[in-house]
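All values below were derived from every heavy atom in this structure, side-chain atoms included, with hydrogens, water molecules and symmetry-related copies excluded. Every chain is numbered from 1 and lettered A, B, ... according to where its sequence line falls, protein lines coming before strand lines.
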Amino acid sequence: MSVEPMRAQADVLVIGSGAAGMYAAIEAARAGCSVLLADRSLIGRGGATVMAQMTVAVALGSETPDHWTHHYDDTLRAGRGLSNEALARLLCEQGPDCIRAMDEWGVGWARKDGRITQAMAPGHDRPRCVYVDFLSTGPAVSKTLRTVVNRTPGIRRAGDLCVVDLVRHGSAVTGAVALHLGSGAPVVINTKTTIVATGGLTRLYRRNSASANMGGDGYALALRAGAVLTDMEFVQFFPIGHLAPRLVGMDPIMWDPFRYKLGGRLLNNRGEEFTQTYGVVEDGKYVVTRDVGSYAIVKEVEAGRGSPHGGVYLSFQHCSERALRDAFGPVIDKLAANGIDLTQTPVEVAPIAHYHMGGIAVDDAMRTGVPGLFAAGEAVGGANGANRLSGNAVTEALVFGRQAGRSAAAHAARVNAVPDGGDNIRVTLDLLAADAPQSDLNTAELVQRLQATMQDDVGPLRTADKLARALETIDAMTRQLGDTPPGAGSFDMRRLDWLDLRNMLLVARAVTQSALARTETRGAQQREDFPQMSPQWAVNQVVSWRDGALAVSHGEAATKAAAS
Amino acid sequence: MSERSLLTVWRGSDAQAGRWESYEVPFEPGQSVLDGLRWIRINCDPSLAVRFSCINANACKECMIELDGETVYACTARLRSGEMKLAPLSNKTLVRDLVTEIAPPAERFKGQVK
């Protein structure tokens with residue numbers, strides 16, 4: 001049965017309403033554009049932004065003198081030679097401006113004696129990270145931007161709108177076809193410009209720290225529309241994600257701010273600190289970077305020195321109850337409600353998929369190379385190279401969001417009328433009109449199996465054998481998924497899972513093929529069969545979609561062009 | 001040893017014509033009701049509709065349901081042995097199963113039907 005599609009038009013379509021999407025919408029609307037801000041969940045509540053616990057890196061110099069070039073140097077050093085320098089520069093240079101704008105909008109950065117407080121974080125040469133107490137950075141950033149979005153004329157908000165495909169018109173993108181989850185009806189959206197701000201791909205992994213709606217859908221949308229992805233092999237694992245005991249009502253990356261403020265000790269099951277074995281002496285301070293930390297923990301577990309649930313211990317037993325309360329106030333009560341007393345016992349932690357350095361290739365105006373198509377936030381690849389510095393994600397969301405909003409508005413001003421029609425609208429509408437006969441496919445179970453494969457075979461430590469096995473599994477799952485989605489009607493989760501899996505399997509393949517091709521260890525790509533960093537691999541890889549297949553190639557030329 | 005909870009869940013898209021379905025769900029003490037609902041989707045019925053985004057952090061605030069008549073977040077309410085009755089919010093328009101229309105009116109999509 002075919003349902004008549006609903007229609008919508010705007011100058012600018014923004015897909016995703018985390019910090020990047022909301023900032024893009026604000027900026028485009030201020031430039032005079034009509035904006036449709038769409039999200040597959042509620043507006044400004046899903047995604048990764050709301051999950052941010054603490055650090056936002058920015059060279060404000062309010063704590064100690066600083067300059068954006070110092071932040072830039074640290075960002076490039078963390079990126080292990082692969083950062084897109086133009087994007088990294090944009091992030092660091094414009095960060096202070098966006099952080100001050102957020103301050104004026106009332107986000108409430110933590111202050112001491114009237115000055116914004118800046119915390120020290122691993123990989124930074126000086127205290128540089130602003131935050132909102134206690135562990136409220138993400139919720140405060142989301143709420144502030146939601147408020148500004150609400151009072152900015154020209155922005156229409158549309159939740160429960162899941163974009164299925166971008167619309168192509170010749171070589172350009174002219175909108176999207178979406179599924180309205182509430183009604184189950186298809187929606188055809190015609191726009192002059194489109195901004196993909198859908199975040200990263202951490203949902204591909206069993207253990208992840210972001211929302212259930214971060215399955216890399218924006219990458220798949222952009223790829224199928226002709227854009228190029230870059231650095232897809234670089235998935236950042238946050239080393240000390242909470243593992244046990246079961247902790248509800250808290251984000252699993254919460255131990256990061258605990259370590260910023262209180263140090264803490266990482267211990268194996270013999271009660272010994274172990275990071276020095278892997279080249280980093282911590283001595284109660286938080287200095288181990290994310291790539292080394294994840295490697296060290298996985299290796300300790302493999303050597304039989306792990307904790308009961310397969311991680312290691314993180315101990316704050318050296319801290320007094322008073323020190324804990326001063327640093328984290330009500331969070332200590334939340335821990336108590338979960339039966340956790342840090343003065344008495346350590347917790348178990350293990351690496352957790354946290355962020356994706358790779359993403360859609362753009363220039364420093366956030367243009368993808370496909371006319372009319374822009375990207376912003378974590379969906380963009382390149383600024384952080386092979387490893388992201390802590391604190392750069394929210395800064396990147398704000399700066400890239402603002403830039404994408406400006407660029408999209410400038411582009412829209414040069415397009416006379418909102419275009420009607422498109423080359424592939426019918427194909428996507430037919431997909432949404434279909435109802436697969438194989439209605440016994442358990443889509444939720446398939447998602448879980450894909451997450452297990454990615455965690456075990458494309459996780460923190462990789463080998464050619466594991467990656468090849470993952471590709472076979474992804475092939476088999478793609479065949480199992482078939483060509484048509486099951487289900488119909490309002491809020492059909494099987495249909496949503498199927499559409500997600502269509503994207504997740506494509507993106508999983510892009511990550512795995514890129515990881516297999518890179519025969520070296522660099523930053524977040526840790527190859528056990530190629531443990532050294534190799535000078536000839538100081539090159540970015542790009543992924544494109546050609547005649548129904550993924551192609552991985554070296555993309556140095558593209559990066560250099562974008563940087564010039 | 002894991003314990004077992006009997007989750008009795010309201011199913012349907014029509015508030016006047018729904019049904020109750022029960023699922024026996026194994027759990028470790030400390031696990032959330034949302035953990036149980038996700039377990040049902042994977043192991044029994046993937047069509048069970050429940051709104052959630054952040055899974056565990058109580059950041060997205062999307063997973064509000066009624067548990068034994070009381071409004072809770074499924075991600076922070078804990079599973080316990082015995083029967084637990086899960087229903088959609090009674091003061092919101094029903095969409096499907098445990099999903100209700102919780103977005104503010106200005107954030108709901110309004111397209112034109114051509």
Side-chain angles (χ1 to χ4, degrees), chain A residues 4-9 38-39 41-47 50-51 138-139 142 150 156-161 178 180-183 185 187-189 208-213 245-252 254 338-339 441-448 486-487 489-494 497, chain B residues 12-14 27-35 37-64 73-79 88 93-114:
Chain A
E4 250 330 276
M6 295 192 278
R7 305 266 169 185
Q9 289 194 342
D39 197 292
S41 302
L42 301 181
I43 297 295
R45 296 183 187 269
V50 77
M51 309 285 281
S142 286
N150 293 356
R156 271 178 300 155
R157 291 161 285 161
D160 284 347
L161 204 56
H180 181 241
L181 298 177
S183 62
V187 182
V188 176
I189 305 164
N208 71 72
S209 67
S211 299
N213 48 22
R246 185 76 176 105
L247 174 60
V248 303
M250 299 288 298
D251 184 276
M254 58 172 293
N338 281 278
L441 179 72
N442 186 332
T443 52
E445 188 267 344
L446 197 52
V447 170
Q448 189 191 40
S490 64
F491 227 96
D492 191 309
M493 297 276 284
R494 283 183 309 156
D497 281 342
Chain B
S13 310
D14 179 347
F27 70 98
E28 304 288 339
Q31 283 197 282
S32 70
V33 169
L34 184 59
D35 289 340
L37 291 168
R38 291 167 59 222
W39 187 91
I40 292 170
R41 291 202 66 242
I42 291 164
N43 294 283
C44 309
D45 185 356
S47 76
L48 172 63
V50 53
R51 195 191 276 279
F52 66 92
S53 165
C54 80
I55 302 176
N56 190 71
N58 195 223
C60 72
K61 312 289 185 189
E62 294 188 17
C63 63
M64 273 186 293
Y73 293 111
C75 76
T76 54
R78 307 215 185 226
L79 290 172
T93 306
L94 177 69
V95 177
R96 185 183 191 132
D97 301 342
L98 297 175
V99 175
T100 50
E101 184 52 89
I102 56 172
E107 295 181 3
R108 298 177 195 168
F109 176 69
K110 288 173 280 290
Q112 311 97 30
V113 178
K114 198 174 178 181

Measure Leu247(A) against the heavy atoms of chain B and call it side chain, backbone, both or neither at under 4.5 Å.
-> backbone

Ranked by heavy-atom pairs below 4.5 Å to chain B, first place among Asn213(A), Asn150(A), Asp497(A) goes to Asp497(A)

Measure Val95(B) against the heavy atoms of chain A and call it side chain, backbone, both or neither at under 4.5 Å.
-> both

Could you check if a side-chain atom of Asn56(B) sits within less than 4.5 angstrom of a side-chain atom of Val248(A), using non-hydrogen atoms only?
-> yes

Point-to-point distance, once rounded to the nearest 0.5 Å, from OG of Ser490(A) to CG of Leu94(B) = 8.0 Å

State whether Asp45(B) and Arg494(A) are salt-bridged, where the test is any N-O pair (Lys NZ or Arg NE/NH1/NH2 against Asp/Glu carboxylate O) under 4.0 Å.
-> no

Given that the side chain runs from C-beta out, which part of Asp35(B) has a heavy atom under 4.5 Å from chain A: side chain, backbone, both or neither?
-> side chain

Least distance between heavy atoms, Gly249(A) atom then Thr76(B) atom | CA-CG2, 3.7 Å

Which pair of heavy atoms, one from Gly489(A) and one from Arg96(B), lies closest together, and at what distance?
-> C-NH1, 4.3 Å

Heavy-atom proximity to chain A below 4.5 Å, by part of Leu48(B) | backbone

Test side-chain contact (heavy atoms from CB on, under 4.5 Å) on Met51(A) and Ile55(B) and set out the steps.
-> CA-CA 11 Å; Met51(A) 309 285 281; Ile55(B) 302 176; over 6 Å; no

Does the side chain of Pro46(B) reach to within under 4.5 Å of the side chain of Met493(A), using non-hydrogen atoms?
-> no

Hey, could you give me the CZ/CZ distance between Phe109(B) and Arg156(A), rounded to the nearest 0.5 Å?
-> 7.5 Å

Val50(A) versus chain B, the contacting section by heavy-atom distance below 4.5 Å | both

Which atoms of Asp39(A) approach chain B - backbone, side chain, both or neither, heavy atom under 4.5 Å = neither

For each of Arg38(B), Glu62(B), Arg108(B), tally heavy-atom pairs with chain A at distances under 4.5 Å, and name the one with the top tally.
-> Glu62(B)

Output the distance between atom CD (Glu445(A)) and atom SG (Cys44(B)), rounded to the nearest 0.5 Å.
-> 12.0 Å

Between Ala57(B), Pro104(B), Cys75(B), which residue shows the highest count of heavy-atom pairs closer than 4.5 Å to chain A?
-> Ala57(B)

Kindly indicate whether the side chain of Glu107(B), heavy atoms from C-beta on, has any atom under 4.5 Å from the side chain of Asp160(A).
-> no

Correct closest heavy-atom pair for Ile42(B) and Ala444(A) would be CG1-O, 3.8 Å

Examine whether an atom of Arg41(B) lies under 4.5 Å from a heavy atom of chain A, and if so say whether it belongs to the side chain, the backbone or both; otherwise answer neither.
-> both

Please flag which part of Asp492(A) lies under 4.5 Å from any non-hydrogen atom of chain B: side chain, backbone, both or neither.
-> both

Name the region of Ser13(B), side chain, backbone, both or neither, that has any atom closer than 4.5 Å to a heavy atom of chain A.
-> side chain

Please examine the side chains of Arg246(A) and Ser32(B), heavy atoms only from C-beta on, and report whether any two atoms are closer than 4.5 Å.
-> yes

Would you mind reporting whether Lys61(B) and Leu42(A) have side-chain heavy atoms less than 4.5 Å apart?
-> no

